[in-house]
**Student:** 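If you scroll down you'll find the structure; I have some questions about it.
Order of the sequence lines fixes the chain letters, A, B, ..., with proteins taken first and strands second; residue numbering starts at 1 for each chain.
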Amino acid sequence: MTFSISQTLRRVMGRIFAATAGTVCVSALASPDLGQTVQQATNWTAIGMFIIFVGLTLFITKWAARRMQSTSDFYTAGGGISGFNNGLAIAGDFMSAASFLGISSMVFTKGYDGLLYSIGWLVGWPILLFLIAERLRNLGKYTFADVASFRLEQKPVRTMAAINALVVVSFYLIAQMVGAGQLIKLLFGLNYNVAVVIVGLLMMAYVMFGGMLATTWVQIIKAVMLLGGATFMAIMVLAHFHFNLDSMFSEAVRVYGEANHTDGSIIMGPGGLITNPVDAISLGMALMFGTTGLPHILMRFFTVGNAKEARKSVFVATGFIGYFYLLTFIIGFGAILFVAQNPRYLDVAKMAVTGKLELIGGGNMAAIHLAHAVGGDLFLGFISAVAFATILAVVAGLTLSGASAVSHDLYANVFRKGRTTEASEMRVSKIATLVQALLAMVLGVVFEKQNVAFMVGLAFAVAASANFPVLFLSMFWRGLTTRGAVIGGVLGLVSSVALICLTKAVWVETFHFGKTAPIPYTNPAMFSIVLSFASCGLFSVTDKSARAQREQARFDAQFVRSMTGIGASSPAKH
Amino acid sequence: MKALSDKNDQVQAILHHPQFQLLVHKKRRLSGLLSVLLIVLYFGFITLVAVAPQFMHQSLAGGTTTIAIPMGVSVIVIAFILCGIYVGRANGEFDRLTQALVDETTSTGETP
């Protein structure tokens, strides 16, 4: 039944299995509650590697803290990050727990459909590069709300953009916190809630004391570790088949069929993820335009010196992200091959009840188990520490972006109308960081049982419907007015959230409001994106006020600056 | 935003500068073309997934590997190549045009 890997690994695994099998079986039987995952025996290798990572990142935070003197340092590391490093950090932001654990698990459970999500996530990057990146860099200073409100009235547009940013950040944060809780529970034998609190406290330390500089370097280190670890896993899987993809796929089809009692060939092509054209286009739009509306990603374009470096960073990021997605695809197939039939990794008690293939630690743990299968305890320790580091780095970036929406947009520009001091703005940003960290911990506990990839989907839908249309039109359409932007942005937010609440995943599976969902689509983002664009257009065209005319007249100056960079904020210290 | 309206003459000078118009034209053509290419490629792909999944399940070369695999991988690789084309031209040709324009207009138009 156990799939053989190599003689050496088998011996190692045999020893480990013998040592821990007792613990696993006993705790499996002792926890009949389906919501509870099985806690593993304490893995000192994983804990050791994690402590090394935390030590290193805290050291960096201390180094960054000495350099952090102004709000510009806090928000954008003073604009002094190189294009390549920023590209790595962007890739790091995108290679989140949802991407690594969620996508590889989706490939593990559904095969090819997992790749469809990756592709959707990737194709947003070229669009961001062709249409948004350099204009954004030339027009903004710290946040994308700077750009959206560039020639419009500050108070309403900034408020709307900041609130939309906070909503996106919150959804994304929930996904990351849930992933963190599950992972630490599995590895350290810690209580889920305790795990969530540890993540919350560490990210708070990075952001509060080290700002963007620490956050960026934490992200870069983790990106390199994750790419290295994932490459090793993929190579180990491929090497077992002498790098013959076809024989790997053949074996995976056979194993998948046996493990899931079905026709295994379904994993070799599109399955149940996308079944009608409306859902297909809608999912594509949410992923593609969602990428271009994520506040923590957009914020990264202000950490580089100029538009040239901004372009370079997208190119670098797209390369690393694309490579990483190809790796997760192989890792997912590797998990089918080496995890699906190994009783060591299966939650037998839960399988007896559900009749389906269930992994120890829950649905998102396929990649973690594969790490053990191909690299033993030591590599499991490494990859677990990396996965945890991933979550930490991503939540730090999200928190920083949320904090800047509160302190730079809402406090400094809306509440104080730009009349503020560095010291008071810094204080507000730190309070915002603290509050967000607390909120993230609470939300992480509340949303414990959700699939993390799905929660990120929520964030993308809102980013695509509420942020992207306003940002895009403000830069490309002279006609956009404050009235159009605010109504379009608000309708985009409300409609995208409302429509998602009406889908099966939320209405039926999360809130249990009924047996069938009010709308037949799984990805309703297309409707909210179109509604937002249409209302931006309609309420701008019909806006005949003097203010609207002034705003349209200011488009020329904005256009010249966006194309040439004349007047753009420079990396020099203020 | 006051600083911008103060420099309105400079803005108008740049807007009507033939070199600026050339830059805008070139940038628009390239970014528009590449965006359309990518959107057609991706939405074509995802629509095919939705309406003809069985088509994508057919074997590539008689083995287990289906044509869906190289199709999916190609979308990722082409997306990256398109990025490379854009960055290559924008960071070279377009930035040279921009720099020449900035040098010319700021030396004659703006007072420090």
**Student:** At a heavy-atom separation under 4.5 Å, does A:Ile281 approach chain B through its side chain, its backbone, both, or neither?
**Tutor:**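 For A:Ile281, the contact with chain B is made by backbone and side chain together.
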**Student:** Is B:Leu101 in contact with chain A via its backbone, its side chain, both, or neither, using a 4.5 Å heavy-atom distance?
**Tutor:**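 Just the side chain, heavy atoms under 4.5 Å.
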**Student:** Sort A:Tyr112 into side chain, backbone, both or neither according to what part of it lies under 4.5 angstrom from a heavy atom of chain B.
**Tutor:**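 A:Tyr112 touches chain B through side-chain heavy atoms alone.
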**Student:** If I measure from the heavy atoms of chain B, does A:Ile266 come under 4.5 Å with its side chain, its backbone, both, or neither?
**Tutor:**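 For A:Ile266, the contact with chain B is made by the backbone alone.
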**Student:** Is any side-chain heavy atom of B:Leu41 closer than 4.5 Å to a side-chain heavy atom of A:Val123?
**Tutor:**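 No - every pair of side-chain heavy atoms lies 4.5 Å or more apart.
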**Student:** Please list, chain by chain and in numerical order, all residues satisfying side chain to side chain contact (heavy atoms under 4.5 Å, CB included) with A:Ala252, sequence neighbours excluded.
**Tutor:**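 Scan of A:Ala252 (side chain to side chain contact (heavy atoms under 4.5 Å, CB included), adjacent residues dropped) gives A:Ile267, A:Phe333, A:Ile336, A:Leu337.
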**Student:** Answer with side chain, backbone, both or neither: which region of B:Asp95 has an atom nearer than 4.5 Å to a non-hydrogen atom of chain A?
**Tutor:**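 The answer is the side chain of B:Asp95.
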**Student:** Which one of A:Ser118, A:Ser265, A:Gly120, A:Gly565 has the most heavy-atom pairs closer than 4.5 Å to chain B?
**Tutor:**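 Of A:Ser118, A:Ser265, A:Gly120, A:Gly565, A:Gly120 has the most heavy-atom pairs under 4.5 Å with chain B.
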**Student:** Where along residues 54-63 of chain B does a heavy atom come under 4.5 Å of chain A, listed by residue number?
**Tutor:**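 Expected list: B:Met56, B:His57, B:Gly63.
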**Student:** Could you pull out all residues at least two apart from A:Glu258 that satisfy salt bridge (Lys or Arg N to Asp or Glu O under 4.0 Å)?
**Tutor:**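 Listed in chain order: A:Arg254.
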**Student:** Is it the side chain or the backbone of A:Leu129 that comes within 4.5 Å of chain B heavy atoms, both, or neither?
**Tutor:**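 A:Leu129 touches chain B through backbone and side-chain heavy atoms alike.
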**Student:** Among A:Trp125, A:Tyr323, A:Phe315, which one satisfies ring-ring contact (aromatic ring centres under 6.0 Å, His included) with B:Phe80?
**Tutor:**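 Filter result, single survivor: A:Phe315.
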**Student:** Where does A:Val560 contact chain B at under 4.5 Å (heavy atoms): side chain, backbone, both or neither?
**Tutor:**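 Its backbone and side chain both get close to chain B.
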**Student:** Is B:Val77 in contact with chain A via its backbone, its side chain, both, or neither, using a 4.5 Å heavy-atom distance?
**Tutor:**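 Neither part.
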**Student:** When only pairs under 4.5 Å are counted, which of A:Leu115, A:Leu116, A:Leu245 shares the most heavy-atom pairs with chain B?
**Tutor:**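 When all of A:Leu115, A:Leu116, A:Leu245 are compared, A:Leu116 has the most.
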**Student:** When you compare the side chain of B:Ile69 with that of A:Phe329, does any pair of heavy atoms fall below 4.5 Å?
**Tutor:**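 Yes - at least one pair of side-chain heavy atoms lies under 4.5 Å apart.
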**Student:** Please look at A:Met288 and chain B and tell me whether the side chain, the backbone, both or neither of the residue comes under 4.5 angstrom of a heavy atom of that chain.
**Tutor:**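 Contact with chain B involves the side chain of A:Met288 alone.
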**Student:** Only pairs at least two apart or in different chains count here, so list each side chain to side chain donor-acceptor pair (under 3.5 Å) that has a residue in residues 22-32 of chain B.
**Tutor:**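 Matches after skipping sequence neighbours: A:Glu134-B:Lys27, B:Lys26-B:Glu93.
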